[in-house]
2 protein chains.
Amino acid sequence: MTFAEPAAETCAGERDCKHGRGTNGCDDCKVRLFSVCGALEPEELDELDHLSQVKNFAAKTMLFDQGALAGSVFNLTEGIVRLYKSLPDGRRQIVGFALPGDFLGLALMDRYGVAAEAVTPVRVCRFTRAAFLTYVDGKPHLLRRLHEFAGHELSLAQDQMLLLGRRNADEKVAAFLLNLQARYGRIGAKSVNVPLPMSRQDIADYLGLTIETVSRTLTKLAKEKTVVVVPDGVRLLSTDRLDQLAAA
Amino acid sequence: MTFAEPAAETCAGERDCKHGRGTNGCDDCKVRLFSVCGALEPEELDELDHLSQVKNFAAKTMLFDQGALAGSVFNLTEGIVRLYKSLPDGRRQIVGFALPGDFLGLALMDRYGVAAEAVTPVRVCRFTRAAFLTYVDGKPHLLRRLHEFAGHELSLAQDQMLLLGRRNADEKVAAFLLNLQARYGRIGAKSVNVPLPMSRQDIADYLGLTIETVSRTLTKLAKEKTVVVVPDGVRLLSTDRLDQLAAA
DNA sequence: TGGACGCTTTGACCCATATCAATGCCGGTA
DNA sequence: TACCGGCATTGATATGGGTCAAAGCGTCCA
């Protein structure tokens, strides 16, 4: 989940980059962008790098709000971000968790379609929308990559619709755990130990359940030796069983 | 809902275009494409038009299947198409209904992420993926428009996640009716009479409900004078009440 | 004209998940 | 060390929507 857009130029919880490089960006960004944009020329990477600015956000602070003017594009380099939509009465649907390497605001629309909050302390590379657009506009192949990327995002969203509309609690939780494991794997931390830095409430709001049901489902999976619940995460004992539950 | 991709070069239910223009497309396409792509030069429109081919599909036939190689991009000119994902056990989630003017396969990925079936008899303008890509590649502004469009699609998908995960049956049905009304309005048929060419099963699979619940909800709305259920559709008596239920 | 079939509606009942309410389990801090 | 506040877990109960079953109701066709 990496699609939404950035808003506030100055945010509560925002601190200076420890790199102290001001507007010059950081190497993290190069790496991450490369993975999205495919083969860029070194000078292009440099150019892009110069457009970025490192920013930090404390846990629970908002990177941008739903409907806010989309002033920035972010690349998440550290931490976890939740993206969500809310109903006026407070009901909330988390539409995705962004992990390191993910982009926020890549849709390049003029307003953010979702809100984004730091789950953990977060570091991002920020581009102003204008600069990013200017950079991108002259590069059709990049535009193409971006569009492909958008298609992929849409496909993930549709998978989540299937999950929300047609799966039961066990299947939802199993799919969530496997999905998180796979994503951690892609950023170099593949393991049966799956950290869950987000709260039960976050998981519930992502899966269309309540905290109690999430909790009960996890203890149920634990009782049948499918997972072990540990502080701040779970250990997967039987991915087979989880696969069976999540059955795509 | 206009985002997915085309597959079969020849489909059951496929018939020749009554226009009899073979690979030369039809005027409908010009109009529809214009609405998505913004101001194109007349010669560009012609060029695009020449790439298209009109095809017809009978009701209940498949335009393309989930996971099939995405060989075509379609522009729907007549009829309604359902886009869906399925679970191995047959549970189905409809992720969107395409109305005239909508595109299918615009994500331009190599495989279709969802299946597409004609709900009613359908007419489309078809472009081969290759031709469409070639056409688009030289036109950065078109690529930009396409990307914006993708962002809009994603935003709609996220709204649907909120609906599926956090709304009750009444709210789901109300939102569905208002949404359909608005979309018919955009293609020139704004009216309190909302045709429902899709079956109750389709509506249920779109809203994450069962046929029975959809039916009961509609009769409930009818009893409280919010709608009138008529053959093949509903008449909206109190959009205020529906708005209140759907409350974004 | 009358089945027969497919779809929708309605009713009765049930169950998965929500809701409400303790209780437990830290981690911070006074 | 003890208190406090914020989650998470667990238990008891309620309920919205699912499931199962039976009518309605058109439409097509023999």
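Every chain is numbered from 1 and lettered A, B, ... according to where its sequence line falls, protein lines coming before strand lines.
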The helix from C:dT1-D:dA30 to C:dA30-D:dT1: angle between end helix axes, five pairs per end, rounded to 10 degrees
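Axis angle across the helix from C:dT1-D:dA30 to C:dA30-D:dT1, nearest 10°: 20°.
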What pairs of nitrogen or oxygen atoms, one from the protein and one from nucleotides 10-15 of chain D, lie under 3.5 Å apart?
residue	atom	partner	partner atom	Å
D:dG11	N7	A:Arg216	NH1	2.9
D:dG11	O6	A:Arg216	NH2	3.2
D:dA12	N6	A:Arg216	NH2	3.3

Along DNA chain C, 5' to 3', what are the outermost nucleotides having an atom less than 4.0 Å from a heavy atom of chain B?
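Nucleotide range with atoms under 4.0 Å of chain B: C:dC7 to C:dA12.
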Distance below 4.0 Å between B:Thr210 side-chain N/O and D:dG18 OP1 or OP2:
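Result: yes.
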Does atom CG of B:Asp232 have more than 12 heavy-atom neighbours, drawn from other residues, nucleotides or ligands, at distances under 6.0 Å?
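Not more than 12 within 6.0 Å, no.
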Going by side chain to side chain contact (heavy atoms under 4.5 Å, CB included), name the residues that satisfy it together with A:Asp159, two or more places apart in sequence or in a different chain.
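Only A:Leu156, B:Lys85 meet the side chain to side chain contact (heavy atoms under 4.5 Å, CB included) criterion with A:Asp159.
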I'd like a list of close polar pairs between nucleotides 4-7 of chain D and the protein, N/O only, cut-off under 3.5 Å.
none

Would you say A:Thr226 and A:Glu224 are linked by a side-chain donor-acceptor pair, where the criterion is simply a distance under 3.5 Å?
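Yes, a side-chain donor-acceptor pair sits under 3.5 Å.
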Below 4.0 angstrom, N of the basic side chain to O of the carboxylate: do A:Arg186 and A:Asp102 qualify?
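Here A:Arg186 does not pair with A:Asp102 in a salt bridge, since their nearest N and O are not under 4.0 Å apart.
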Verdict with supporting geometry, B:Arg91 and B:Asp205, salt bridge (charged side-chain N to carboxylate O under 4.0 Å, His left out)
CA-CA 8 Å; B:Arg91 281 176 290 176; B:Asp205 284 348; over 6 Å; no
DNA chain D: 5'-proximal contact among A:Gln201 and A:Arg166 (nearest heavy atom)
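The residue mapped nearer the 5' terminus is A:Gln201.
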All side-chain hydrogen bond (donor to acceptor under 3.5 Å, both in side chains) counterparts of B:Asp170, not counting sequence neighbours
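With neighbours one apart ignored, the set is B:Lys220.
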